[in-house]
Trainee: 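First the structure, then my questions, so here it is.
Only heavy atoms go into these numbers, but all of them, side chains included; no hydrogens, no water, no symmetry mates.
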Amino acid sequence: MKRISENGLNLIKEFEGLELEPYLCPANIPSIGYGNTYYEDGTKVTLQDEAITESRANELLENIANKDFASVIIKSLEVPLSQNQFDALVSFVYNVGNRNFRRSTLRKKLNRGDYEGASREFNKWIYSGGKVLKGLKERRKLEAELFKGSF
């Protein structure tokens with residue numbers, strides 16, 4: 001099975017930031033590490049959880065990115081992907097969620113073989129609560145660049 005590369009993991013890390021103690025993310029969901037809301041066994045993060053180490057946060061990110069997000073990309077797409085395209089999509093799905101990706105025009109365009117059209121879809125996912133978020137705008141720009149191989 002295809003796995004996210006260090007390049008892809010670093011992109012996620014850059015935008016998620018690292019928190020070793022449980023915290024509430026902007027959507028008011030308990031999170032830890034690099035924005036993880038649950039552990040490998042499916043247990044949800046709670047605000048009462050113990051702090052983790054940076055090493056554990058890296059392990060958790062890699063395990064969840066590969067187990068839950070990479071697998072949905074593999075199952076949802078019928079076209080070949082370069083490592084850069086795959087990494088960009090894992091970062092995207094890590095942020096927007098599996099359900100949103102499966103319903104997205106980005107996925108539909110990819111499955112039609114429209115890689116260029118799919119690359120333009122990233123910048124449509126820059127809103128939260130109806131407002132453009134600078135961080136999402138920058139993340140989508142880098143994901144699209146990585147997807148196109150110019151990152």
Side-chain angles (χ1 to χ4, degrees), residues 1-20 22-46 49 52-115 117-128 133 135-151:
M1 179 166 105
K2 197 167 200 150
R3 297 178 62 81
I4 189 170
S5 74
E6 279 300 311
N7 199 23
L9 290 169
N10 288 336
L11 179 60
I12 293 170
K13 289 177 182 180
E14 179 180 340
F15 288 98
E16 293 294 337
L18 174 62
E19 293 288 339
L20 301 178
Y23 65 97
L24 286 176
C25 75
N28 255 357
I29 300 169
S31 305
I32 199 163
Y34 295 101
N36 290 98
T37 59
Y38 57 92
Y39 300 99
E40 292 94 338
D41 66 359
T43 304
K44 291 185 177 186
V45 172
T46 72
D49 291 353
I52 60 174
T53 63
E54 184 173 352
S55 174
R56 175 66 178 119
N58 288 323
E59 174 185 59
L60 182 61
L61 168 63
E62 187 170 354
N63 289 340
I64 297 291
N66 283 307
K67 177 180 165 256
D68 295 340
F69 298 103
S71 65
V72 83
I73 292 164
I74 292 164
K75 291 174 188 171
S76 299
L77 294 178
E78 303 157 8
V79 294
L81 297 172
S82 70
Q83 186 65 52
N84 281 350
Q85 290 168 330
F86 186 76
D87 289 346
L89 289 171
V90 174
S91 174
F92 177 76
V93 177
Y94 190 91
N95 183 244
V96 305
N98 291 337
R99 186 172 183 221
N100 285 330
F101 174 68
R102 283 192 302 266
R103 296 174 157 189
S104 71
T105 302
L106 190 158
R107 184 192 66 80
K108 291 172 188 163
K109 286 186 177 187
L110 270 177
N111 276 334
R112 289 195 300 262
D114 183 4
Y115 291 89
S119 73
R120 289 191 298 270
E121 290 296 312
F122 284 94
N123 71 1
K124 295 181 179 177
W125 293 81
I126 59 174
Y127 300 90
S128 180
L133 292 188
L136 286 179
K137 193 172 181 179
E138 182 62 22
R139 183 175 187 155
R140 299 298 173 249
K141 176 180 177 269
L142 291 178
E143 288 167 346
E145 287 174 4
L146 180 60
F147 185 85
K148 292 189 276 189
S150 57
F151 180 76

Trainee: If we only count heavy atoms from C-beta on, is the Glu145 to Leu142 side-chain gap below 4.5 Å?
Mentor: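 Glu145 reaches Leu142 side chain to side chain.
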
Trainee: If you count every heavy atom of other residues, nucleotides or ligands that lies below 6.0 Å from Lys44 atom NZ, does the total exceed 12?
Mentor: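 Atom NZ in Lys44 is not crowded, with 12 or fewer foreign heavy atoms closer than 6.0 Å.
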
Trainee: Hey, does Tyr39 have a side-chain heavy atom less than 4.5 Å from the side chain of Asn63?
Mentor: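 In short, these two side chains do not touch, never coming nearer than 4.5 Å.
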
Trainee: Report the C-alpha separation of Asp41 and Thr43 in whole Å, then their side-chain angles, then the decisive distance to 0.1 Å, and conclude whether the side-chain hydrogen bond (donor to acceptor under 3.5 Å, both in side chains) test is met.
Mentor: CA-CA 6 Å; Asp41 66 359; Thr43 304; 2.7 Å; yes

Trainee: Which residue pairs satisfy the side chain to side chain donor-acceptor pair (under 3.5 Å) criterion with at least one member in residues 95-107, sequence neighbours excluded?
Mentor: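 Only Asn95-Arg140 qualify under side chain to side chain donor-acceptor pair (under 3.5 Å).
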
Trainee: Rounded at 0.5 Å granularity, tell me how far OG in Ser119 sits from CG in Leu146.
Mentor: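 Result: 12.0 Å between the selected atoms.
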
Trainee: Going by heavy atoms in the side chains, are Leu110 and Tyr115 under 4.5 Å from each other?
Mentor: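 Sidechains of Tyr115 and Leu110: in contact.
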
Trainee: With Phe92 as reference, evaluate Phe15, Phe69, Phe122 under the ring pair (Phe, Tyr, Trp, His ring centres under 6.0 Å) test and give the passing residue.
Mentor: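 Option passing the ring pair (Phe, Tyr, Trp, His ring centres under 6.0 Å) with Phe92: Phe122.
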
Trainee: Within the 3.5 Å criterion, strictly below it, is a donor on Asn7 or Ser5 matched to an acceptor on the partner's side chain?
Mentor: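 Judged by distance alone, the side chains do not pair up.
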
Trainee: Considering only heavy atoms from C-beta outward, does the side chain of Tyr94 approach that of Tyr34 to under 4.5 Å?
Mentor: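 Yes, their side chains come closer than 4.5 Å.
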
Trainee: Evaluate the side chain to side chain contact (heavy atoms under 4.5 Å, CB included) criterion for residues Asn111 and Leu77: first the C-alpha distance (whole Å), next the side-chain angles of each, then the deciding distance (0.1 Å), finally the verdict.
Mentor: CA-CA 6 Å; Asn111 276 334; Leu77 294 178; 3.7 Å; yes

Trainee: Does Glu78 reach the main-chain N or O of Arg112 with its side chain, forming a donor-acceptor pair under 3.5 Å?
Mentor: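 Checking the backbone N and O of Arg112 against the side chain of Glu78, no donor-acceptor pair under 3.5 Å is found.
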
Trainee: Just so I know, are the side chains of Leu24 and Pro30 near enough to count as touching, which here means a heavy-atom distance under 4.5 Å?
Mentor: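 Side chain of Leu24 against side chain of Pro30, heavy atoms only: contact under 4.5 Å found.
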
Trainee: Using a strict 4.0 Å threshold on nitrogen-to-oxygen distance, state whether Lys13 and Glu62 make a salt bridge.
Mentor: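 Answer for the salt bridge query: no.
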
Trainee: If you apply the rule side-chain hydrogen bond (donor to acceptor under 3.5 Å, both in side chains), what do you find for Glu14 with Asn10, and how did you get there?
Mentor: CA-CA 6 Å; Glu14 179 180 340; Asn10 288 336; over 6 Å; no

Trainee: Closest heavy-atom contact between Glu143 and Ser91?
Mentor: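 So the minimum-distance heavy-atom pair works out to OE2-OG, 2.7 Å.
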
Trainee: Donor-acceptor pair, distance only, cut-off 3.5 Å: does the side chain of Lys2 make one with the backbone of Ile73?
Mentor: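 Here the side-chain-to-backbone pair does not exist.
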
Trainee: When you look at Ile12 and Arg139, which way does the side chain to side chain contact (heavy atoms under 4.5 Å, CB included) test go after all the steps?
Mentor: CA-CA 9 Å; Ile12 293 170; Arg139 183 175 187 155; 4.1 Å; yes

Trainee: Is there a side-chain contact between Tyr127 and Leu136, using heavy atoms and a 4.5 Å cut-off?
Mentor: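 Side-chain contact under 4.5 Å: no.
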
Trainee: Taking the side chain as everything from C-beta on, heavy atoms only, tell me whether Arg120 gets closer than 4.5 Å to Lys148.
Mentor: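 No, too far: nothing below the 4.5 Å cut-off.
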
Trainee: Could you give me the CA-CA distance, side-chain angles and deciding distance for Ser55 and Asn58, then say whether side-chain hydrogen bond (donor to acceptor under 3.5 Å, both in side chains) is met?
Mentor: CA-CA 5 Å; Ser55 174; Asn58 288 323; 5.9 Å; no

Trainee: Where is the tightest heavy-atom contact between Ala57 and Gly33, given as atom of each residue plus distance?
Mentor: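 Taking every non-hydrogen atom into account, CB-CA, 3.9 Å.
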
Trainee: Using every non-hydrogen atom in the two residues, find where Phe101 and Val93 come nearest and quote the distance to one decimal.
Mentor: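 Heavy atoms only, the tightest pair is CG-CG2, 3.5 Å.
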
Trainee: Which value, rounded to the nearest 0.5 Å, describes the distance between Leu9 atom CG and Glu16 atom CD?
Mentor: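 The CD atom of Glu16 is 12.0 Å from CG of Leu9, to the nearest 0.5 Å.
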
Trainee: Let's go through Asn66 and Ile4 carefully: what are the C-alpha distance in whole Å and the side-chain angles of both, what is the deciding distance for side chain to side chain contact (heavy atoms under 4.5 Å, CB included) to 0.1 Å, and is it a yes or a no?
Mentor: CA-CA 6 Å; Asn66 283 307; Ile4 189 170; 3.6 Å; yes

Trainee: Which heavy atom of Ile32 sits nearest a heavy atom of Leu60, and at what distance?
Mentor: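 Distance-wise, the nearest heavy atoms are CG2-CD2, 4.1 Å.
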
Trainee: Are side-chain heavy atoms of Leu11 and Val90 found at a separation under 4.5 Å?
Mentor: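 They are not in contact (no side-chain heavy atoms under 4.5 Å apart), so the answer is no.
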
Trainee: Is Glu40 paired with Arg56 through a side-chain N to carboxylate O contact shorter than 4.0 Å?
Mentor: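 Here Arg56 pairs with Glu40 in a salt bridge, since their nearest N and O are under 4.0 Å apart.
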
